[in-house]
Amino acid sequence: MEGKKEKISILGAGLVGSLLSIMLAKRGYQVTIFERRPDMRKAGAIGGRSINLALSHRGLKALDRVGLKDKIQESCIPMPGRMIHDLQGNLDFQPYGKEGQYINSVSRGGLNWLLMDEAEAHGVEIRFDHKCLDVDFDSATATFENGQSVSSDFLFGGDGAFSALRGAMQKTDRFNFSQEYISAGYKELTMPATKDGDFAIDPDALHIWPRGEYMLIALPNLDKSFTCTLFFPFEGEISFDALKTEADVEAFFNDKFKDAVPLLPNLKKEFFENPTSSLITVRCSPWVKGNTALIGDAAHAIVPFYGQGMNSGFEDCYVFDQLLEKHGDINDALLKEYQDLRIPDGNAIADLALYNFIEMRDKVADEKFVLQKKIEKKLNALYPDKWVPLYSMVTFSDYRYSEAIARGDKQQAIMDEALSRPGIEDNSESLDFEAIVNQLLG
Ligand code: FAD
């Protein structure tokens with residue numbers, strides 16, 4: 001790959017494409033984004049899937065690199081833990097990490113809006129209503145539905161889980177690709193503010209109603225509403241398919257999510273009017289072909305149960321920008337390092353996210369899980385650099401995801417052994433914490 005790159009195209013003005021464009025523009029590249037949709041800022045509506053997202057350390061670190069962390073945190077709601085709602089409506093607050101650690105509920109539309117504004121302020125041109133259909137890799141030429149073709153020095157596919165760039169790569173030799181839908185889908189429901197204009201439930205938590213094979217969750221919004229998401233099987237005895245009438249929905253929710261029902265005044269209407277969406281994991285390699293590269297969901301779409309899709313996409317941007325600093329321009333050495341670093345981490349967070357569905361919908365309500373959290377909290381307090389719970393490695397640290405998964409597996413094996421000791425429920429304080437940590441390091 002020869003010659004200095006000057007003109008860069010990005011497919012997709014989503015969260016990742018917009019952030020990447022700011023980083024590249026700040027380095028002096030001439031950046032144009034091509035976005036399939038119309039400008040959501042002109043339409044005045046913040047539409048699309050999942051209204052709010054959990055933003056955590058990796059995402060914030062990338063935003064900090066372009067000076068936007070503080071501005072974005074101003075419009076976030078901190079969630080220091082999960083609030084578990086059992087069948088009877090009893091509540092159990094479980095902190096996510098140490099005192100002072102929290103994840104942030106942020107509006108997807110608001111964040112995307114701000115990133116697009118910021119991109120334009122740095123000279124990025126965003127061309128809306130440009131749906132890419134095909135890409136020529138060597139000339140970095142994108143062909144659009146409106147008949148236009150645009151060439152540049154380099155092109156990124158930040159065009160999401162059903163990426164057109166990846167679609168073009170899929171037609172080439174030695175391109176590895178897999179996609180897997182899980183059997184559950186999701187539906188969003190609204191929990192409005194109370195008549196007094198307050199939050200209907202505690203805003204300082206991500207709420208979970210774990211029910212084994214399915215769950216309801218809720219994240220707070222700045223307007224004091226909550227966006228609830230029901231993750232639920234598509235088919236089967238308990239499923240979207242099985243709830244056919246308003247009476248079915250009412251009876252089911254009264255049985256399983258009793259304390260939420262009075263707070264969901266539009267439940268029946270929303271249940272039938274709001275879309276039911278599917279959840280996919282996409283893995284592929286390579287992420288680079290000719291003068292093009294994949295980034296964000298286009299490279300690694302994951303299920304949302306670790307709250308890491310956007311965060312990992314932002315981390316892709318962070319790593320790419322660090323590599324630009326090191327290599328000076330987009331060249332073969334940079335692109336090799338980008339893939340070598342990020343493909344294993346994309347695969348690792350895809351695995352972790354699938355695993356966390358089981359943890360969220362099932363394990364958080366389990367006594368052994370709660371006990372493990374208690375023991376791990378103690379271990380982390382005693383040996384903060386040596387024992388870091390898996391959730392904290394993923395959410396509050398810079399450990400590579402692939403490293404987190406390897407360390408997490410090792411820690412889990414040690415925990416499984418400790419938790420299997422007779423009487424541990426009443427005796428966890430008497431564990432030899434030093435021996436446990438030595439086991440990990442040994
Ligand atoms: P996208 O956000 O999908 O953006 C892609 C953009 O490309 C879009 O604007 C699209 O219109 C455009 N585009 C698509 N095709 C074309 C084309 N052919 N030509 C031109 N433009 C095109 N992540 C978290 O970190 N925390 C969370 O809490 C979290 N919660 C989630 C909850 C749910 C229910 C879901 C579904 C996802 C969640 N995620 C979360 C994941 C997060 O939404 C994604 O990882 C993130 O949006 C990826 O950003 P992206 O820019 O790569 O892709």
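Order of listing sets the numbers, starting from 1, for every ligand and every atom in it.
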Heavy-atom proximity to atom 47 (O) of ligand 1 ranks first, among R127, R108, M310, for R108
Does the ring center of F252 lie less than 6.0 Å from the ring center of F232? yes
Can you confirm whether the side chains of S285 and Q339 place a donor and an acceptor under 3.5 Å from each other? no
Closest to atom 38 (C) of ligand 1 (heavy atoms only, candidates A142, G313, P304, G17) is P304
Can you confirm if the NZ or CZ of K61 lies within 45° of the ring axis of F314 and under 6.0 Å from the centre of its six-membered ring? no
For A164, counting its heavy atoms only, list the atoms of ligand 1 lying under 4.0 Å from any of them. 18 (N)
Does any N or O of ligand 1 fall below 3.5 Å from an N or O anywhere on N52, backbone included? no
Is it true that T194 and D198 share a donor-acceptor pair across their side chains at a distance under 3.5 Å? no
State yes or no: are the ring centers of Y29 and F154 separated by less than 6.0 Å? no
List ligand 1 atoms under 4.0 Å from F34, heavy atoms only on the residue side. 20 (C), 21 (N)
Under 3.5 Å: N/O of Y186 near N/O of ligand 1: no
Just checking, any donor-acceptor pair under 3.5 angstrom between side chains of T143 and D134? no
Would G307 count as being in polar contact with ligand 1, using the rule that some N or O on each side must be under 3.5 angstrom apart? yes
Exercise: identify the closest heavy-atom pair between C284 and L294: SG-CD1, 3.8 Å
Any heavy atom of L15 closer to ligand 1 than 4.0 angstrom? yes
Pairs of nitrogen or oxygen atoms closer than 3.5 Å, one from K131 and one from ligand 1: do any exist? no
Close-contact set for ligand 1 against G160 heavy atoms, below 4.0 Å: 3 (O), 5 (C), 53 (O)
Go through ligand 1 atom by atom and flag the ones less than 4.0 Å from a non-hydrogen atom of A54. 24 (C), 25 (O), 26 (N), 27 (C), 28 (O)
Do F396 and Y102 have ring centres separated by under 6.0 Å? no
Compute whether any side-chain donor of one residue and acceptor of the other, for Q372 and Q412, lie under 3.5 angstrom apart. yes
Proximal ligand 1 atoms for V16, defined as those under 4.0 Å from one of its heavy atoms: 49 (O), 50 (P), 51 (O), 52 (O)
Considering both backbone and side-chain atoms of L279, is one of its nitrogen or oxygen atoms within less than 3.5 Å of a nitrogen or oxygen in ligand 1? no
Would you mind running through ligand 1 and noting each atom that sits below 4.0 Å from a heavy atom of H130? 19 (N), 20 (C)
Can you sort out which atoms of ligand 1 are near G296, meaning under 4.0 Å from one of its heavy atoms? 52 (O)
Would you say ligand 1 has an N or O under 3.5 Å from any N or O of N311? yes
With heavy-atom distances below 4.0 Å as the criterion, list the atoms of ligand 1 near G309. 23 (N), 24 (C), 25 (O), 41 (C), 45 (O)
With side chain to side chain donor-acceptor pair (under 3.5 Å) as the test, would you mind laying out the steps for Y391 and E359 before giving the verdict? CA-CA 11 Å; Y391 186 89; E359 178 157 317; over 6 Å; no
Side chain, backbone, both or neither: which applies to L11 and ligand 1 if a contact is any heavy-atom pair less than 4.0 Å apart? neither
Of E35, E145, K187, R36, which has the heavy atom at the shortest distance from atom 22 (C) of ligand 1? R36
Does any donor atom in the side chain of Q308 or S56 lie under 3.5 Å from an acceptor atom in the other side chain? yes
In a check of ring-ring contact (aromatic ring centres under 6.0 Å, His included) between H207 and each of F226, F93, F257, which one passes? F226
Of G12, A298, G158, the residue with the heavy atom nearest atom 5 (C) of ligand 1 is G158
